[in-house]
Amino acid sequence: MRNKDTTPGAGSAELAVISAKVIEWQRSHGRHQLPWQQDVTPYKVLVSELMLQQTQVATVIPYFNRWMQVFPNAEALAAAAEDEVMRLWQGLGYYARARNLQKAARYIAELGEFPATLDALLQVPGVGRYTAGAIMSFAYQQYGPIVDGNVRRLYCRLFALDGIPNTPALEKQLWAKAELLTPNHQQAHADCRSFAQGLLDLGATVCKPRQPLCELCPLAAHCQALAQNRIASLPNAKPKKTVPVKDGHFLLIRQQQKVLLVKRPGAGIWPALWCLPQPEHAPEDAELAGEFSHQFTHYKLQAKVWIAELTLQNAEQAWVDLSCLDDFGLPAPVRLYLQSILKAG
DNA sequence: GAGGCGTGGCG
DNA sequence: TCGCCAAGCCT
C-alpha cells in the first residue's frame, strides 16, 4: 500500500514547503542584525549565542564588540583572569553565562579543536540544545534544530499547539516539530543558516507576541492558528507566579573617595562580581546612607545601605576609588547606587 | 523537574 | 507603574 499522508497541514511534503518558504523569506526580507555574521567563525557564534541567551540583540551588540577586542579567540579567553571576564560582562546579567563561556574556552583549548557535531557541542559548558543547534546552523551551515522563544511562539501558532508553556510535554512537541522542519545539510542546496536565521527573524519581526503581522507572513497559508482564528490566544499564557519581596542590607565603608568592595562567591546571585559587603541583618545603631530597590525575575530586592566602619571581611576585598568603578564588574543596581554617591559629592 | 538566575525595553 | 518578554542553561 502506498504511504499516503492524509494529515492536514502536517505532511512531510508540506513541511518541506514551509522550510523552503522560511529560507526564501530570509533571503529576501531578512535583516542582518548581527554585524559579525559576515566572516562567521565558531568562536564568534559561541560568544554571541551565549550572550544572546534571554537577552535582546540590541543589548548584546556593544558587549560583543568589546569582547572580541579583548578576547579575539578561545585561547585568549582561556588565559584571561576571571575578574576581567566578569568586568566585560558586567551589566549583561545572568553572570553564570560569563563563567560558562570561559569554561567553554578552556574546554575547547584543551580539546584542540572546536566541537562540530550536536553531541560534541552539548558537552561544552553553557551550551544546551538550542545553542548547539544554533552553532551547527550558523557556524557550520549544517543540520541544527533550534527552539527558542521566537520558535516556540511561531510553532505554537503554525501547528496550533495548545499545551502549557514551560512544560516537558509541550517542549517535546516543539522539538519534534523542529527536528522535522529543519533542513539537513545532506540535502541538495540546503541553506541551514538561512533557515535558522529566518525562523528567528520571523518570530521577532512578524510572528510577534502582540499584534503579529499575519498579512506579511510567508507561512500564513500554512498557519493552523490563523485558520482557526486563534492567533490571539496561542501560544497559551504562561502560568504566572507572584514574586516575593526580599530585604537586603549593604554596608558603605568609606575612606574619603574610596569604598570597600568584596568579591561575591561563585554561586547564587551576582556570582564572582564585586559588591558592597552584605551582612545578614541590619547592623545595630547604624546610620542609613541610602536605599534602592531592584526588580529581578524571581523576586524584588528592597535594599538598605548602612554607614559602617571597617571590620574583618570574610572575602577578597578591595578599596576602590569612586571614579574607578569601571575597573570592576559590579551588579547593575550597586553600580547605580555608587554612581549616585559620586554625583552627590 | 521545578526553580534559580539579570537587566532593559516596551505597550 | 506594571507585567510581559528576550537567540536558555544548570542543578
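The sequence lines fix the lettering, A, B, ..., with proteins before strands; numbering per chain opens at 1.
Residues V57(A) and G126(A) both approach DNA chain C. Their nearest nucleotides, taken by heavy-atom distance, put V57(A) toward the 5′ side. Looking at which nucleotide of DNA chain C each of P125(A) and L52(A) is closest to, the 5′-most match is held by L52(A).
Here K240(A) reaches the OP1 or OP2 of dC4(C): one of its side-chain N or O atoms lies under 4.0 Å away. One finds a side-chain N or O of R153(A) lying less than 4.0 angstrom from the OP1 or OP2 phosphate oxygen of dA6(C).
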If the sugar-phosphate is the primed atoms plus P, OP1 and OP2 and the base is the rest, what is the B/S/- string for nucleotides 4-11 of chain B, using protein heavy atoms under 4.0 Å?
SBBB-S--
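One interatomic measurement links the two molecules: OH of Y107(A) to C1' of dC9(C), which rounds to 16 Å at whole-angstrom precision. One can place NZ of K172(A) at 15 Å from C1' of dG1(B), the figure rounded to the nearest angstrom. When rounded to the nearest whole Å, the span between NZ of K238(A) and P of dA2(B) equals 16 Å. Counting to the nearest Å, the C1' atom of dG3(B) and the NZ atom of K241(A) are 7 Å from each other. Rounded to whole Å, the distance from CG on L50(A) to C1' on dC9(C) is 9 Å. Across the protein-nucleic acid pair, L170(A) atom CG and dG8(C) atom P stand 15 Å apart, rounded to whole Å. Counting to the nearest Å, the C1' atom of dA2(B) and the CD1 atom of I164(A) are 14 Å from each other. R99(A) places its CZ atom 11 Å from the P atom of dT11(C), with the value rounded to the nearest Å.
For the contact set between residues 129-151 of chain A and DNA chain B, defined by any heavy atom under 4.0 Å, there are no members.
Atom C1' of dA6(C) sits at a distance of 12 Å from the matching atom of dG6(B), rounded to the whole Å. The P atoms of dA7(C) and dC5(B) are separated by 23 Å, rounded to the nearest whole Å.
By the 4.5 Å heavy-atom criterion applied to side chains, C156(A) and N236(A) are not counted as neighbours.
Taking 4.0 Å as the cut-off between side-chain N and carboxylate O, D326(A) and R87(A) do not count as a salt-bridged pair.
In this structure, K177(A) satisfies the cation-pi test against F159(A), with its NZ or CZ atom closer than 6.0 Å to the six-membered ring centre and inside 45 degrees of the ring normal.
Taking the side chain of L34(A) as heavy atoms from C-beta on, and the options dA7(C), dC5(C), dC10(C), the nearest nucleotide is dA7(C).
Across every non-hydrogen atom of P212(A) and R157(A), the tightest pair is CB-NH1, 3.8 Å.
Once rounded to the nearest 0.5 Å, the distance linking CD1 of I146(A) with CZ of R152(A) reads 11.0 Å.
Applying the side chain to side chain donor-acceptor pair (under 3.5 Å) test between K263(A) and each of E82(A), E316(A), Q313(A) identifies E82(A) as the sole match.
The hydrophobic clustering, which links ILVMFWY residues whose side-chain heavy atoms are closer than 4.5 Å, places L226(A) and Y155(A) apart. When the side chains of ILVMFWY residues are joined at heavy-atom separations under 4.5 Å, either directly or via intervening members, W175(A) and L122(A) end up in two distinct hydrophobic clusters.
When both pairing distances are held under 3.5 Å, dG6(B) makes no Watson-Crick or G-U pair with any nucleotide shown.
Between W89(A) and W67(A), the angle of the ring planes goes over 60°, which puts this pair in the perpendicular group of the 30/60° scheme.
Taking a 6.0 Å sphere around CG of L111(A), one finds it holds more than 12 heavy atoms contributed by other residues, nucleotides or ligands.
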